[in-house]
Amino acid sequence: MRYELIIFDNDGVLVDSEPISNALLAAYLTELGHPTSYEESLRDYMGAAMHRVHDLVEERTGQRLPADFDEVFHARVFAAFERELEPVPGAVQVLEKLAADRVPYCVASSGSHERIRVGHRKTGLDRWFDEGRVFSSQDVGRGKPAPDLFLYAAERMGVAPEKCVVVEDSPLGVQAAVAAGMDVYGFTAMTPADRLAGATRLFSDMGELADLLV
C-alpha cells in the first residue's frame with residue numbers, strides 16, 4: 001500500500017445519501033422562497049458544510065435562512081435516511097479489505113457527527129468506524145474547500161499529510177484535499193469527471209478502489 005492513511009468522505013462515497021439530501025435541500029429552500037433545483041443543489045452544496053448554504057443564500061438574496069433551518073432540514077434528512085439510505089455499492093468490500101490488510105482509514109465529512117452516525121447505523125457501516133475514526137466539519141473552524149478537516153483527521157490519526165490519500169466525490173472536497181497537500185482519488189459515480197479535474201486519479205466503481213490504492 002502506497003499510503004499510510006485512507007481518508008474517506010462520507011456522503012456519496014460511503015453512504016448513498018447525496019440524491020436524498022440534495023432533493024430535500026432543494027425542496028426546502030424552494031419552500032422558503034429561494035427557488036432551487038436538484039441540479040443546482042448538487043452544483044452549489046454537494047460536499048459542503050451547512051454554513052455554506054446559509055452563506056450563499058444570504059450573499060445572493062440578502063436574506064437569512066430561519067434560525068431553525070438546520071434543525072428542520074436534518075430532521076427531514078434523518079427521516080428519509082431511515083426509509084431509503086443504502087451503502088454505496090462496493091463500499092463494504094473496500095472497508096473489509098482495508099481492515100483485513102490492517103490499512104489505517106477514517107472518515108472526514110462535512111456532515112455533523114449525528115448525520116454521520118445516523119447514516120452509518122442505518123447502512124451497517126458503523127461496525128467499521130469507532131469514534132476514533134470519525135471526523136466532522138464540526139471539529140474544525142472551516143469546512144471544505146478549506147483543508148482544515150483533512151489536516152485535523154491526519155493529525156489525529158498520526159499520519160503526515162503527504163502520506164494520506166482522500167477519497168472524494170465533490171469538487172469542494174477535491175479542492176480541500178489538494179490544499180491539504182494530499183493525494184485525492186475522485187469518485188465519479190455521481191459527479192462528472194471534469195468537475196473533479198484536480199484529483200490525482202479518477203475512478204467510477206467503489207469496488208475497485210482497494211486495488212487502485214496498491
Side-chain angles (χ1 to χ4, degrees), residues 1-17 47-49 87-113 115-117 119-120 123-189 191 193 196-214:
M1 182 70 64
R2 73 180 78 170
Y3 301 105
E4 295 183 10
L5 177 65
I6 317 301
I7 304 177
F8 289 96
D9 175 44
N10 189 56
D11 294 294
V13 170
L14 295 174
V15 296
D16 195 15
S17 52
V88 167
V92 170
Q93 290 85 345
V94 170
L95 294 171
E96 285 177 340
K97 182 165 178 52
L98 293 178
D101 293 344
R102 298 186 178 182
V103 177
Y105 64 88
C106 65
V107 61
S109 171
S110 293
S112 66
H113 278 281
R115 176 180 171 130
I116 298 166
R117 284 301 177 197
H120 284 190
T123 57
L125 296 184
D126 53 342
R127 64 176 293 199
W128 305 106
F129 292 96
D130 56 40
E131 288 296 333
R133 296 179 189 265
V134 178
F135 306 102
S136 161
S137 61
Q138 289 180 310
D139 301 326
V140 295
R142 299 181 299 168
K144 307 168 189 178
D148 304 35
L149 176 57
F150 291 140
L151 292 173
Y152 176 75
E155 180 183 8
R156 290 291 302 272
M157 296 293 290
V159 178
E162 64 271 18
K163 296 180 180 178
C164 301
V165 63
V166 176
V167 184
E168 264 287 356
D169 70 332
S170 76
L172 293 175
V174 169
Q175 291 173 43
V178 171
M182 300 177 181
D183 281 359
V184 53
Y185 280 31
F187 183 45
T188 62
T191 308
L196 303 179
T200 309
R201 185 168 190 168
L202 299 173
F203 72 107
S204 60
D205 183 346
M206 188 58 64
E208 297 177 354
L209 177 63
D211 291 333
L212 296 176
L213 293 170
V214 176

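What you see below is based on every heavy atom in this structure, not just the backbone, and it leaves out hydrogens, waters and symmetry mates. When a residue number appears, it is its place in the shown sequence, counting from 1. What you see is a predicted model, and the numbers here were worked out from it, not measured in a lab.
No donor-acceptor pair closer than 3.5 Å links the side chain of Thr200 to the backbone N or O of Tyr185. At least one donor-acceptor pair closer than 3.5 Å links the side chain of Ser110 to the backbone N or O of Gly47.
Taking each heavy atom of Pro161 and Ala180 in turn, the nearest pair found is CB-O, 3.5 Å. Residues Gly119 and Val15 come closest through the heavy atom pair O-CG1, 4.1 Å. In terms of heavy-atom proximity, Cys164 sits nearest to Val159 at SG-CG1, 3.7 Å.
Every residue two or more places apart in sequence or in another chain was checked for a side-chain hydrogen bond (donor to acceptor under 3.5 Å, both in side chains) with Asp126, and none qualifies. Take Asp169 and apply the side-chain hydrogen bond (donor to acceptor under 3.5 Å, both in side chains) test, not counting sequence neighbours, and it matches no residue.
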Would you mind writing out the side-chain donor-acceptor pairs for residues 201-214 within the sub-3.5 Å range, not counting sequence neighbours?
| from | atom 1 | to | atom 2 | distance (Å) |
| --- | --- | --- | --- | --- |
| Asp205 | OD1 | Gly207 | N | 2.9 |

Under 3.5 Å, side-chain donor or acceptor atoms of residues 101-109 against the rest of the protein: list the pairs with distances, not counting sequence neighbours.
| from | atom 1 | to | atom 2 | distance (Å) |
| --- | --- | --- | --- | --- |
| Asp101 | OD2 | Lys97 | NZ | 3.2 |
| Tyr105 | OH | Trp128 | O | 2.7 |
| Ser109 | OG | Gly111 | N | 2.9 |

With side-chain contact (heavy atoms from CB on, under 4.5 Å) as the criterion, how do Phe8 and Leu98 come out once you've worked through the C-alpha distance, each side chain's angles and the decisive distance to 0.1 Å? CA-CA 12 Å; Phe8 289 96; Leu98 293 178; 3.7 Å; yes
Can Arg127 and Glu96 be said to form a salt bridge (charged side-chain N to carboxylate O under 4.0 Å, His left out), step by step? CA-CA 10 Å; Arg127 64 176 293 199; Glu96 285 177 340; 5.1 Å; no
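With contacts defined as side-chain heavy-atom distances shorter than 4.5 Å, the pair Asn10/Arg115 does not qualify. No side-chain heavy atom of Ser170 sits under 4.5 Å from any side-chain heavy atom of Thr191. Residues Val178 and Val184 meet the side-chain proximity criterion, which asks for heavy atoms closer than 4.5 Å. A 4.5 Å side-chain heavy-atom check between Ile7 and Phe135 finds every atom pair outside the cut-off.
The stretch residues 154-163 participates, sequence neighbours left out, in these side chain to side chain donor-acceptor pair (under 3.5 Å) pairs: Tyr152-Arg156. Legend: salt bridge (charged side-chain N to carboxylate O under 4.0 Å, His left out) pairs involving residues 138-149, not counting sequence neighbours, sorted by first then second residue: Asp9-Lys144, Arg142-Asp148, Lys144-Glu168.
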